[in-house]
Structures are given as C-alpha cells and as structure tokens.
Protein chains: 2
Amino acid sequence: MNNKLIKNSQVFKAFCDENRLQILKLLQSGEKCACVLLEKLSIGQSTLSHHMKILVQSGVVVPRNEGKWTYYSISEQGAQAAKDLLDKLTIVKPGKSGKSGKSGKQGKSTCK
Amino acid sequence: MNNKLIKNSQVFKAFCDENRLQILKLLQSGEKCACVLLEKLSIGQSTLSHHMKILVQSGVVVPRNEGKWTYYSISEQGAQAAKDLLDKLTIVKPGKSGKSGKSGKQGKSTCK
DNA sequence: CTCTCATATCGACAAATGTCAATGTGAAGT
DNA sequence: ACTTCACATTGACATTTGTCGATATGAGAG
C-alpha cells in the first residue's frame with residue numbers, strides 16, 4: 001500500500017533535478033553515449049552515472065551497452081507509463097465534485 | 001534558461017513525496033478541508049501545512065479560504081499543465097531516431 | 001597479460017527536504 | 001476584549017539527495 005506510493009514517487013524523481021531535465025532534453029534528439037552527455041553537462045563522471053541510474057530506475061530512460069560504451073535513450077513506453085501514472089494521480093473522481101462534502105449549507109462552526 | 005529547468009522540476013516535486021501522493025489521493029474524491037486531511041495522515045499540523053504549500057505552488061492543488069478554514073482541491077487546469085510539461089520533457093523528436101548519431105558504421109574505438 | 005578507456009560504485013561531505021514543537025496570525029464565538 | 005480555533009511560520013534536527021574524488025569493474029587495444 002504505502003509501498004506503492006513510494007514507488008510512484010520514485011518515478012517522478014526523475015524530473016525533479018535540473019541536471020536530469022537537461023539530460024532528458026539532450027536525449028530528445030536521440031540516443032546518446034554517456035561520454036557525450038558528460039561533455040555537455042559540467043558535472044563529474046560519477047555524478048552523471050548517479051543521475052543516469054535514477055533515470056533508468058524510473059523507467060523513463062533505457063540503457064544500451066555496446067562494448068565499453070553505454071548509450072541512453074528515452075523510453076517512449078516508460079514515458080507513457082509516467083503519463084498514465086500522472087493521470088491516475090490527478091484525476092478527479094466524478095460524483096463528489098464542486099464544493100466540499102454534501103451540498104446543503106452547514107453552520108459556521110464546522111468545516112464539514 | 002537554467003531557471004526554466006528548475007521551475008519545471010518544482011512542478012514534479014509535488015509528486016515526489018509519499019504524504020503528498022496520499023493527499024492527492026484524498027483530494028481525488030473532491031475538495032477537502034485541511035483539518036480533514038490532517039485527521040487521516042498521521043503527520044503534524046505544521047507538516048501538513050508545509051506539504052500543502054508545495055502542492056499549491058506546483059499548481060496542481062488550489063486553496064479556497066472560507067472563514068477560518070482552508071479547503072483544498074485538485075486543479076484540473078494545473079494537472080493538465082503538468083501533463084503537458086511531462087509530454088514536452090519526454091517527447092522524442094523525429095529525425096534523429098534509432099541508434100545514436102549518424103547511421104553509418106563507425107570504428108570500435110569511438111562512440112560517435 | 002597488461003594497459004587504457006568508459007562507466008559504476010564507494011566514502012565523505014554539503015545542501016535540500018521532511019518532520020516536529022513552539023509561536024504567530026487572523027477569524028469566529030463568548 | 002478575551003478566548004478559542006484553524007492554519008501558517010519559525011527554528012531545530014534527522015534524513016535524503018547531489019556532488020566530488022578515489023577506487024573498482026569490465027571491455028577492448030597493444
């Protein structure tokens with residue numbers, strides 16, 4: 001239960017850091033090698049590795065290994081999953097719309 | 001520029017905490033008074049206030065004041081803005097698709 | 001096999017975040 | 001006015017997160 005909420009929050013952490021957004025922006029033009037990303041990001045190599053791990057764990061980015069290089073790209077499937085989750089988290093269920101609780105007027109000494 | 005990335009990251013911070021996700025879940029069934037939220041969340045009052053501030057600042061939740069009470073609800077407009085932003089951040093631009101860089105084969109001693 | 005290169009992991013540290021208790025503030029109720 | 005109630009703000013503290021330098025790992029190249 002609670003675990004699910006924590007897992008969901010993990011997905012969005014991918015988008016909660018300036019450098020990770022920058023990385024995503026770079027990946028929007030196609031797959032990139034880690035070393036290419038490193039060139040453009042004024043952060044250290046270990047820090048990049050850390051951010052890529054978070055992006056991959058969120059499912060939004062997928063790695064591809066080729067020899068000694070690792071290429072990263074945006075997973076359209078993972079991105080869609082994030083969008084679906086966002087929908088799920090923000091959809092307002094029908095029925096209980098508009099003002100709070102029941103529709104009748106209540107006293108001034110209760111918030112219900 | 002950089003500022004924009006930071007501002008964007010702020011939006012998603014709304015979804016990066018277990019308690020905030022719990023709050024959103026509660027708000028999905030309609031507008032709720034802060035005191036009602038407080039009852040269900042096993043967190044202190046000041047902590048709730050802190051979380052509500054972050055949710056409101058992200059635009060996903062809107063407050064409504066009535067006397068001494070504050071009611072919160074999900075902003076469908078704010079939620080849509082977050083979805084649009086997520087789209088913008090994860091869309092893969094056409095053209096540079098598939099593998100990295102150019103299409104021709106390169107040597108094994110370069111990642112380009 | 002050894003060396004080098006690309007990347008991951010580790011350990012340390014600073015900054016940001018979540019939490020609470022205490023206090024401030026503004027709106028009713030008496 | 002005084003009190004009470006709902007919520008916000010502040011200050012202190014613990015946890016989490018981002019960062020770096022150093023080291024480990026794994027894949028070619030020599």
Side-chain angles (χ1 to χ4, degrees), chain A residues 2 5-7 9-24 31-58 61-73 100 105-112, chain B residues 2 5-7 9-23 31-58 61-73 100-101 105-112:
Chain A
N2 235 354
L5 293 182
I6 293 175
K7 202 172 177 185
S9 72
Q10 291 293 106
V11 173
F12 294 101
K13 289 196 177 161
F15 307 99
C16 284
D17 178 86
E18 185 194 343
N19 284 313
R20 289 196 289 271
L21 291 187
Q22 186 73 52
I23 291 166
L24 284 174
E31 190 184 55
K32 295 278 180 302
C33 178
C35 60
V36 172
L37 296 174
L38 190 55
E39 282 174 1
K40 317 206 169 188
L41 283 176
S42 44
I43 57 176
Q45 181 268 320
S46 61
T47 301
L48 175 64
S49 192
H50 167 70
H51 286 308
M52 297 321 294
K53 191 174 184 180
I54 290 173
L55 285 168
V56 169
Q57 282 175 344
S58 78
V61 168
V62 280
R64 180 174 66 90
N65 274 50
E66 193 175 315
K68 37 180 186 169
W69 296 284
T70 307
Y71 296 87
Y72 294 97
S73 56
S100 175
K105 56 141 62 110
Q106 276 81 31
K108 287 192 169 181
S109 52
T110 171
C111 72
K112 298 295 188 331
Chain B
N2 234 351
L5 292 182
I6 294 174
K7 202 172 177 186
S9 72
Q10 292 293 107
V11 173
F12 294 101
K13 289 195 178 163
F15 307 100
C16 286
D17 178 87
E18 185 195 344
N19 284 314
R20 289 197 286 273
L21 291 187
Q22 186 73 51
I23 291 166
E31 191 184 53
K32 296 276 180 303
C33 178
C35 61
V36 172
L37 296 174
L38 190 55
E39 283 174 0
K40 317 204 170 188
L41 283 176
S42 44
I43 57 175
Q45 181 268 320
S46 60
T47 301
L48 175 63
S49 192
H50 168 70
H51 287 307
M52 297 319 295
K53 192 174 184 178
I54 290 173
L55 285 168
V56 169
Q57 281 176 343
S58 79
V61 168
V62 280
R64 180 174 66 89
N65 274 52
E66 193 175 314
K68 39 182 186 169
W69 295 284
T70 306
Y71 297 87
Y72 294 98
S73 56
S100 174
K105 53 141 65 107
Q106 276 79 32
K108 288 192 169 181
S109 53
T110 172
C111 73
K112 298 293 188 330

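For the numbers below, each heavy atom of this structure counts, side chains included, while hydrogens, waters and symmetry mates do not. Sequence lines set the chain letters: A, B, ... in the order given, protein chains first and strands last, and positions in each chain run from 1.
- An OP1 or OP2 oxygen of C:dG26 is reached within less than 4.0 angstrom by no side-chain nitrogen or oxygen of B:Asn65.
- Expressed to the nearest 0.5 Å, how far OG1 of B:Thr70 lies from CG of B:Leu37 amounts to 10.5 Å.
- Counting only heavy atoms from C-beta outward, the side chains of B:Ser49 and B:Gln45 approach each other to under 4.5 Å.
- Ring geometry, A:Phe12 versus B:Phe15: the interplanar angle falls from 30° to 60°, so the pair is classed tilted.
- Atom pair A:Lys53:NZ and D:dT17:P shows a separation of 13 Å (rounding to whole Å applied).
- Among the nucleotides C:dG18, D:dT19, D:dT17, the one closest to the side chain of B:Asp17 is C:dG18.
- Residue B:His50 is classed as a base contact, given a heavy-atom separation below 4.0 Å to a base.
- The base of C:dA8 lies close enough to the side chain of A:Gln45 for a donor and an acceptor atom to sit less than 3.5 Å apart.
- Using a 4.0 Å cut-off, some side-chain N or O of A:Ser49 falls inside it from OP1 or OP2 of C:dA8.
- Using a 4.0 Å heavy-atom distance criterion, A:Ile54 is classed as a sugar-phosphate-only contact.
- Across all strands, A:Leu48 comes closer than 4.0 Å to no nucleic acid atom at all (heavy-atom distances).
- Residue contacts for B:Thr47: at a heavy-atom cut-off of 4.0 Å it reaches a base atom on one of the strands shown.
- Distances were taken from every side-chain heavy atom of B:Ser46 (C-beta onward) to each of C:dA8, C:dA21, D:dC20; the shortest belongs to C:dA21.
- For C:dT19, the OP1/OP2 oxygens have a side-chain nitrogen or oxygen of B:His51 closer than 4.0 Å.
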